[in-house]
Amino acid sequence: MRTFIVLLGPPGAGKGTQAQIVAETLQLAHISSGDLFRENLKGQTELGKQAQDFINRGELVPDDLTIAMVRDRLQRPDCAQGALLDGFPRTPAQADALTEMLADLDGKVVCVPCINVPSEVLVERLGGRWTCRAQGHVYHQLYNPPKETGKCDIDGSELYQRDDDKPETVANRIRVYLAQTSPLIEYYQKRGLLAEIDGTQEISAVTADLLAAIRKD
Ligand code: ADP
Ligand code: ADP
(Lines give C-alpha, C1' and ligand atoms only; values in the text may rest on other atoms or scores of the structure.)
(Ligands and ions follow the chains in the order given, each with its own letter.)
Protein backbone atom coordinates (compact mmCIF):
# COMPACT_ATOMS: atom_id res chain seq x y z
CA MET A 1 0.00 0.00 0.00
CA ARG A 2 1.41 3.40 -0.99
CA THR A 3 1.17 6.09 1.67
CA PHE A 4 0.16 9.67 0.98
CA ILE A 5 0.38 12.65 3.30
CA VAL A 6 -1.67 15.79 2.63
CA LEU A 7 -0.29 19.07 4.00
CA LEU A 8 -3.02 21.58 4.77
CA GLY A 9 -2.61 25.20 5.81
CA PRO A 10 -3.15 28.73 4.53
CA PRO A 11 -0.84 30.38 1.98
CA GLY A 12 2.42 31.23 3.75
CA ALA A 13 1.96 28.69 6.57
CA GLY A 14 5.19 26.93 5.60
CA LYS A 15 3.84 23.98 3.57
CA GLY A 16 6.49 24.21 0.84
CA THR A 17 9.34 24.73 3.30
CA GLN A 18 8.28 21.76 5.40
CA ALA A 19 7.30 19.52 2.50
CA GLN A 20 10.78 19.72 1.07
CA ILE A 21 12.44 18.69 4.35
CA VAL A 22 9.90 16.03 5.33
CA ALA A 23 9.78 14.45 1.85
CA GLU A 24 13.55 14.11 1.87
CA THR A 25 13.57 12.69 5.41
CA LEU A 26 10.87 10.13 4.61
CA GLN A 27 12.08 9.48 1.05
CA LEU A 28 8.73 10.38 -0.47
CA ALA A 29 8.04 12.39 -3.63
CA HIS A 30 7.07 16.03 -2.98
CA ILE A 31 4.15 17.10 -5.16
CA SER A 32 3.31 20.80 -5.06
CA SER A 33 0.31 21.76 -7.19
CA GLY A 34 1.47 25.40 -7.12
CA ASP A 35 4.90 24.39 -8.50
CA LEU A 36 3.23 22.27 -11.19
CA PHE A 37 1.11 25.25 -12.26
CA ARG A 38 4.15 27.54 -12.27
CA GLU A 39 6.06 25.09 -14.50
CA ASN A 40 3.12 25.18 -16.90
CA LEU A 41 3.06 28.99 -16.80
CA LYS A 42 6.77 29.16 -17.53
CA GLY A 43 6.44 26.68 -20.40
CA GLN A 44 3.34 28.52 -21.72
CA THR A 45 1.52 25.18 -22.09
CA GLU A 46 -2.20 25.03 -22.81
CA LEU A 47 -2.81 24.29 -19.11
CA GLY A 48 -0.58 27.22 -18.13
CA LYS A 49 -2.61 29.57 -20.34
CA GLN A 50 -5.89 28.31 -18.88
CA ALA A 51 -4.64 28.65 -15.29
CA GLN A 52 -2.82 31.99 -15.59
CA ASP A 53 -5.66 34.45 -14.85
CA PHE A 54 -6.91 32.48 -11.86
CA ILE A 55 -3.43 32.36 -10.34
CA ASN A 56 -2.78 36.05 -10.95
CA ARG A 57 -6.06 36.94 -9.21
CA GLY A 58 -5.27 34.66 -6.27
CA GLU A 59 -8.26 32.42 -7.06
CA LEU A 60 -8.32 28.66 -7.32
CA VAL A 61 -7.82 27.10 -10.72
CA PRO A 62 -10.99 25.10 -11.60
CA ASP A 63 -11.18 21.62 -10.10
CA ASP A 64 -11.26 19.71 -13.42
CA LEU A 65 -7.97 21.22 -14.63
CA THR A 66 -6.29 20.80 -11.24
CA ILE A 67 -7.42 17.21 -10.73
CA ALA A 68 -6.27 16.15 -14.22
CA MET A 69 -2.85 17.72 -13.63
CA VAL A 70 -2.35 15.92 -10.29
CA ARG A 71 -3.68 12.63 -11.68
CA ASP A 72 -0.97 12.75 -14.36
CA ARG A 73 1.71 13.59 -11.83
CA LEU A 74 0.78 10.65 -9.59
CA GLN A 75 1.50 8.24 -12.46
CA ARG A 76 5.23 9.05 -12.42
CA PRO A 77 7.55 6.38 -11.04
CA ASP A 78 8.81 8.53 -8.16
CA CYS A 79 5.39 8.04 -6.50
CA ALA A 80 5.94 4.27 -6.20
CA GLN A 81 6.18 4.50 -2.37
CA GLY A 82 3.66 7.35 -2.08
CA ALA A 83 4.00 11.12 -1.87
CA LEU A 84 3.69 14.24 0.21
CA LEU A 85 1.01 16.46 -1.31
CA ASP A 86 1.51 20.21 -0.80
CA GLY A 87 -1.35 22.46 -1.92
CA PHE A 88 -3.63 19.68 -3.16
CA PRO A 89 -6.47 19.03 -2.40
CA ARG A 90 -7.83 22.52 -1.82
CA THR A 91 -11.58 21.83 -2.17
CA PRO A 92 -13.83 18.98 -1.01
CA ALA A 93 -14.32 17.97 -4.68
CA GLN A 94 -10.54 17.65 -5.07
CA ALA A 95 -10.37 15.61 -1.85
CA ASP A 96 -13.04 13.20 -3.14
CA ALA A 97 -11.17 12.93 -6.46
CA LEU A 98 -7.94 12.18 -4.58
CA THR A 99 -9.56 9.30 -2.69
CA GLU A 100 -10.71 7.81 -6.01
CA MET A 101 -7.33 8.29 -7.71
CA LEU A 102 -5.52 6.64 -4.80
CA ALA A 103 -7.89 3.67 -4.75
CA ASP A 104 -6.82 3.01 -8.37
CA LEU A 105 -3.15 3.25 -7.34
CA ASP A 106 -3.44 1.00 -4.26
CA GLY A 107 -2.71 3.97 -2.05
CA LYS A 108 -4.38 5.96 0.70
CA VAL A 109 -4.05 9.14 2.71
CA VAL A 110 -2.56 8.21 6.09
CA CYS A 111 -2.12 11.60 7.78
CA VAL A 112 -3.24 15.20 7.17
CA PRO A 113 -1.20 17.71 9.16
CA CYS A 114 -2.71 21.21 9.16
CA ILE A 115 -0.12 23.95 9.76
CA ASN A 116 -1.81 26.80 11.67
CA VAL A 117 -0.54 30.38 11.43
CA PRO A 118 -2.58 33.58 12.07
CA SER A 119 -3.36 35.84 9.08
CA GLU A 120 -1.18 38.80 10.16
CA VAL A 121 1.87 36.54 10.20
CA LEU A 122 1.01 35.09 6.77
CA VAL A 123 1.04 38.54 5.16
CA GLU A 124 4.50 39.23 6.58
CA ARG A 125 5.83 35.84 5.51
CA LEU A 126 4.58 36.11 1.93
CA GLY A 127 5.75 39.73 1.63
CA GLY A 128 9.31 38.58 2.36
CA ARG A 129 9.24 35.29 0.43
CA TRP A 130 11.84 34.69 -2.28
CA THR A 131 11.39 31.66 -4.52
CA CYS A 132 13.96 29.87 -6.67
CA ARG A 133 13.37 29.86 -10.43
CA ALA A 134 14.66 26.37 -11.06
CA GLN A 135 12.86 24.23 -8.48
CA GLY A 136 10.71 26.45 -6.26
CA HIS A 137 12.88 26.29 -3.12
CA VAL A 138 11.70 29.02 -0.74
CA TYR A 139 13.47 31.55 1.46
CA HIS A 140 12.49 34.53 3.57
CA GLN A 141 14.50 37.73 3.60
CA LEU A 142 14.48 37.79 7.45
CA TYR A 143 13.38 34.37 8.74
CA ASN A 144 15.23 32.06 6.36
CA PRO A 145 17.66 34.08 4.24
CA PRO A 146 19.81 32.46 1.54
CA LYS A 147 23.56 32.42 2.15
CA GLU A 148 24.05 34.72 -0.84
CA THR A 149 21.43 37.38 -1.60
CA GLY A 150 19.31 36.54 -4.65
CA LYS A 151 20.75 33.05 -5.14
CA CYS A 152 19.36 29.62 -4.17
CA ASP A 153 21.59 27.73 -1.67
CA ILE A 154 20.58 24.37 -3.16
CA ASP A 155 20.79 24.81 -6.93
CA GLY A 156 22.34 28.28 -7.36
CA SER A 157 19.44 29.57 -9.46
CA GLU A 158 18.05 33.10 -9.28
CA LEU A 159 15.53 33.97 -6.53
CA TYR A 160 12.44 36.01 -7.45
CA GLN A 161 9.34 37.39 -5.75
CA ARG A 162 6.14 35.75 -6.99
CA ASP A 163 3.63 38.13 -8.62
CA ASP A 164 0.85 36.65 -6.49
CA ASP A 165 2.78 37.46 -3.26
CA LYS A 166 1.88 41.16 -3.52
CA PRO A 167 -0.34 42.33 -0.62
CA GLU A 168 -3.68 42.65 -2.54
CA THR A 169 -3.39 39.17 -4.01
CA VAL A 170 -2.25 37.69 -0.68
CA ALA A 171 -5.36 39.09 1.03
CA ASN A 172 -7.52 37.42 -1.62
CA ARG A 173 -5.68 34.09 -1.33
CA ILE A 174 -6.27 34.07 2.43
CA ARG A 175 -10.01 34.77 1.85
CA VAL A 176 -10.13 31.97 -0.73
CA TYR A 177 -8.44 29.60 1.73
CA LEU A 178 -10.97 30.38 4.46
CA ALA A 179 -13.95 30.01 2.12
CA GLN A 180 -12.95 27.07 -0.09
CA THR A 181 -10.13 25.12 1.55
CA SER A 182 -10.74 25.35 5.30
CA PRO A 183 -13.78 22.99 5.06
CA LEU A 184 -11.16 20.27 4.44
CA ILE A 185 -10.09 20.57 8.08
CA GLU A 186 -13.42 19.13 9.18
CA TYR A 187 -13.48 16.76 6.19
CA TYR A 188 -10.25 15.07 7.32
CA GLN A 189 -11.02 15.41 11.04
CA LYS A 190 -14.17 13.34 10.51
CA ARG A 191 -12.03 10.67 8.87
CA GLY A 192 -9.63 10.61 11.84
CA LEU A 193 -6.66 11.84 9.79
CA LEU A 194 -6.14 15.44 10.93
CA ALA A 195 -3.12 16.55 13.01
CA GLU A 196 -3.02 20.22 14.09
CA ILE A 197 0.48 21.72 14.00
CA ASP A 198 1.58 25.07 15.46
CA GLY A 199 3.19 26.78 12.46
CA THR A 200 4.32 29.89 14.37
CA GLN A 201 7.34 28.06 15.80
CA GLU A 202 10.80 28.04 14.25
CA ILE A 203 11.14 25.98 11.07
CA SER A 204 13.01 23.12 12.81
CA ALA A 205 10.40 22.87 15.62
CA VAL A 206 7.58 22.69 13.06
CA THR A 207 9.46 19.89 11.25
CA ALA A 208 9.84 17.94 14.51
CA ASP A 209 6.09 18.20 15.24
CA LEU A 210 5.22 17.15 11.70
CA LEU A 211 7.46 14.09 11.79
CA ALA A 212 6.07 13.09 15.19
CA ALA A 213 2.48 13.38 13.89
CA ILE A 214 3.25 11.39 10.74
CA ARG A 215 5.18 8.64 12.54
CA LYS A 216 2.36 8.17 15.05
CA ASP A 217 0.19 6.79 12.21
P1 ADP B 1 3.41 27.89 1.86
O2 ADP B 1 3.97 26.83 0.93
O3 ADP B 1 2.50 27.31 2.90
O4 ADP B 1 2.78 29.02 1.11
P5 ADP B 1 6.20 28.59 2.39
O6 ADP B 1 6.86 27.34 2.83
O7 ADP B 1 6.48 29.06 1.01
O8 ADP B 1 4.61 28.52 2.68
O9 ADP B 1 6.62 29.73 3.45
C10 ADP B 1 6.16 31.07 3.28
C11 ADP B 1 7.28 32.03 3.72
O12 ADP B 1 7.46 31.93 5.14
C13 ADP B 1 8.64 31.73 3.09
O14 ADP B 1 9.29 32.95 2.88
C15 ADP B 1 9.36 30.90 4.16
O16 ADP B 1 10.78 31.06 4.11
C17 ADP B 1 8.79 31.48 5.45
N18 ADP B 1 8.64 30.50 6.54
C19 ADP B 1 8.26 29.19 6.42
N20 ADP B 1 8.19 28.60 7.63
C21 ADP B 1 8.52 29.56 8.55
C22 ADP B 1 8.62 29.58 9.99
N23 ADP B 1 8.35 28.49 10.72
N24 ADP B 1 8.98 30.74 10.56
C25 ADP B 1 9.23 31.85 9.83
N26 ADP B 1 9.17 31.91 8.49
C27 ADP B 1 8.80 30.78 7.84
P1 ADP C 1 1.01 28.90 -1.55
O2 ADP C 1 2.32 28.13 -1.53
O3 ADP C 1 1.24 30.31 -1.22
O4 ADP C 1 -0.05 28.26 -0.69
P5 ADP C 1 0.63 27.71 -4.11
O6 ADP C 1 1.97 27.80 -4.75
O7 ADP C 1 0.25 26.42 -3.47
O8 ADP C 1 0.51 28.88 -3.05
O9 ADP C 1 -0.49 28.07 -5.15
C10 ADP C 1 -0.40 29.21 -5.99
C11 ADP C 1 -1.67 29.33 -6.82
O12 ADP C 1 -1.81 28.17 -7.68
C13 ADP C 1 -2.97 29.36 -6.01
O14 ADP C 1 -3.28 30.68 -5.55
C15 ADP C 1 -3.97 28.86 -7.05
O16 ADP C 1 -4.29 29.86 -7.99
C17 ADP C 1 -3.17 27.78 -7.78
N18 ADP C 1 -3.36 26.46 -7.14
C19 ADP C 1 -2.39 25.71 -6.53
N20 ADP C 1 -2.91 24.56 -6.06
C21 ADP C 1 -4.23 24.56 -6.39
C22 ADP C 1 -5.31 23.65 -6.19
N23 ADP C 1 -5.14 22.50 -5.52
N24 ADP C 1 -6.52 23.99 -6.67
C25 ADP C 1 -6.72 25.13 -7.36
N26 ADP C 1 -5.75 26.04 -7.56
C27 ADP C 1 -4.52 25.77 -7.10
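This structure is a prediction, so every number in the text was calculated from the model and none was measured. Counting convention: from 1, in listed order, for ligands and their atoms alike.
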*Asks:* Considering distance alone, does some N or O of Leu60 sit under 3.5 Å from an N or O of ligand 2?
*Replies:* no
*Asks:* Is Glu59 close to ligand 2, meaning an N/O of one under 3.5 Å from an N/O of the other?
*Replies:* yes
*Asks:* Okay, side chain of Tyr139, backbone of Asp153: is any donor-acceptor separation there less than 3.5 Å?
*Replies:* yes
*Asks:* Taking heavy atoms and a distance under 4.0 Å, where does Ala19 meet ligand 1: side chain, backbone, both or neither?
*Replies:* neither
*Asks:* Any nitrogen or oxygen of Gly87 lying under 3.5 Å from a nitrogen or oxygen in ligand 2? Just yes or no.
*Replies:* yes
*Asks:* With a 4.0 Å cut-off, would you call Asp78 and Arg76 a salt bridge?
*Replies:* no
*Asks:* Would you find a donor on one side and an acceptor on the other, under 3.5 Å apart, between the side chain of Gln18 and the backbone of Ile203?
*Replies:* yes
*Asks:* Is the contact between Lys15 and ligand 2 made by the side chain, the backbone, both, or neither, using heavy atoms and a 4.0 Å cut-off?
*Replies:* side chain
*Asks:* Which residue owns the protein heavy atom closest to atom 17 (C) of ligand 1, what's the atom, and how far is it?
*Replies:* His140 CB, 4.0 Å
*Asks:* Below the 3.5 angstrom mark, is there an N/O of Ser33, backbone or side chain, next to an N/O of ligand 2?
*Replies:* yes
*Asks:* Looking at ligand 2, does Arg125 have a heavy atom less than 4.0 Å from it?
*Replies:* no
*Asks:* Which of the atoms in ligand 1, numbered in the order shown and given with their element, are less than 4.0 Å from a heavy-atom of Thr17?
*Replies:* 5 (P), 6 (O), 9 (O), 15 (C), 19 (C)
